[in-house]
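Worksheet: one structure, shown below.
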Amino acid sequence: MLTKYAVLAATAAAAVTAAPAQKRAAAGQADIDIVILNYALTLEHLENAFYRDSLATYDAAAFQAAGYPEWVRQRFVEIGGHEKAHVDFLTTALGDQATAECTYNFGVTDVNSFIATSVLLEGVGESAYLGAAQNITNPAYLTAAGSILTVESRHAGWVQSSVQQGDGFPSAFSTPLNFNQTFSLAAPLITSCPSTNPALPVKAFPAATVSGDVCGGKTITISGEGVQSGQFAAFLTGLNTYYAQIGDNGSVQVPAEVKYGRVYIVVTSGQSLSDDTTIAGPAVADIPLSAGEAEKIYSQQQ
Ligand SMILES: *[C@@H]1O[C@H](CO)[C@@H](O)[C@H](O)[C@H]1NC(C)=O
Ligand SMILES: *[C@@H]1O[C@H](CO)[C@@H](O)[C@H](O)[C@H]1NC(C)=O
Ligand SMILES: *[C@@H]1O[C@H](CO)[C@@H](O)[C@H](O)[C@H]1NC(C)=O
């Protein structure tokens with residue numbers, strides 16, 4: 001894996017302009033643009049297959065039976081078209097180094113679980129591009145990544161508000177995820193990939209499962225392989241990370257600063273977050289703005 005990584009990095013370094021590469025080299029960072037583009041393409045293949053295959057399964061009648069009008073399905077067809085466009089764009093940019101589509105198990109059992117998975121994936125796409133931004137060397141790729149990420153985030157917002165009739169309201173800052181955190185959320189959906197695909201230097205952490213209402217001040221339960229009391233739950237919200245110690249039976253009090261929007265929860269060995277301190281996760285929670293509002297109104301009434 002490391003060898004392949006070095007080969008890809010060297011190829012990428014040769015392919016892009018020298019100036020930004022030198023700047024990154026001075027900062028001690030290799031040019032890994034080809035790796036990042038293939039990582040992005042891995043996620044886009046997953047999203048493209050998700051919409052294509054799910055929409056082939058659930059026709060207009062299935063949407064109608066689940067309570068959604070025809071236009072909702074049509075918008076999902078449109079979103080699927082965007083993901084296909086992202087796949088085509090990245091595949092063209094990578095040429096013969098492009099990674100190919102894998103086989104997947106999205107765990108979708110009906111229209112509503114399709115819709116919920118759509119929100120999950122669009123939000124993860126947004127966080128993945130955001131987290132990778134700092135590692136991109138070529139400014140043109142950075143613009144392309146930014147151009148894709150705003151669309152992914154608006155897909156999620158549309159589904160949460162127009163389709164799920166929630167508020168889908170973002171907090172002031174979106175939440176970045178690094179490569180291994182993102183891959184940990186994608187890997188469980190990937191069944192197998194062509195052996196000819198380039199190996200990515202990523203690994204998946206054990207899954208973390210959260211039960212209860214994730215909202216500042218409330219107590220939730222977190223579990224997963226290797227998760228023990230005394231460890232910490234790191235709550236990633238916007239550009240901040242807040243920690244709470246895990247008590248008996250995985251109980252955690254959600255820090256008051258965790259208010260609304262997309263939140264990721266990672267179990268860590270201490271109060272610092274890196275791949276080295278990660279035990280399990282991320283788990284994903286989308287907290288509606290109205291959840292906090294309701295809480296506020298409730299506490300004012302006390
Ligand atoms: C991405 O950049 C961050 C910040 O400089 C660095 O810590 C991280 O190791 C980089 N990731 C990779 C895969 O190079
Ligand atoms: C992600 O995991 C891989 C495989 O274990 C590791 O080589 C890499 O350093 C990790 N990435 C970061 C940014 O730590
Ligand atoms: C932890 O869970 C066990 C098994 O359900 C239960 O017997 C015990 O009372 C729990 N401990 C606490 C402190 O809640």
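Along the sequence shown, the residues carry numbers beginning at 1. Model, not experiment: these values are computed from the prediction. Atoms within each ligand, like the ligands themselves, are counted from 1 in listed order.
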Exercise for review: Classify the contact between I32 and ligand 1 as side chain, backbone, both or neither, using a heavy-atom distance cut-off of under 4.0 Å.
Suggested key: side chain
Practice item. For P201, take its heavy atoms, then give the atoms of ligand 2 lying under 4.0 Å from any of them. Key: 1 (C), 3 (C)
Review point. Mind checking what makes side-chain contact (heavy atoms from CB on, under 4.5 Å) contact with L149, not counting sequence neighbours?
Key: E126, Y129, L130
Check your understanding: Would you call the rings of H155 and H82 parallel, tilted or perpendicular, where under 30° means parallel and over 60° means perpendicular?
Key -> parallel
Revision key, fill the gap. Counting heavy atoms under 4.0 Å, the part of S274 that contacts ligand 2 is neither
Exercise for review: Please confirm whether the backbone N or O of F205 pairs with a side-chain atom of S184, one donor and one acceptor, at under 3.5 Å?
Suggested key: yes
Exercise for review: For D275, counting its heavy atoms only, list the atoms of ligand 2 lying under 4.0 Å from any of them.
Suggested key: 1 (C), 10 (C), 11 (N), 12 (C), 13 (C), 14 (O)
Review point. Counting heavy atoms only, which of N178, N180, N135 is nearest atom 12 (C) of ligand 1?
Key: N135
**Study point:** Residues forming a ring pair (Phe, Tyr, Trp, His ring centres under 6.0 Å) with F183, sequence neighbours excluded
**Key:** none
Exercise for review: May I ask you to decide if the ring planes of F169 and Y260 are parallel, tilted or perpendicular, using 30° and 60° as cut-offs?
Suggested key: tilted
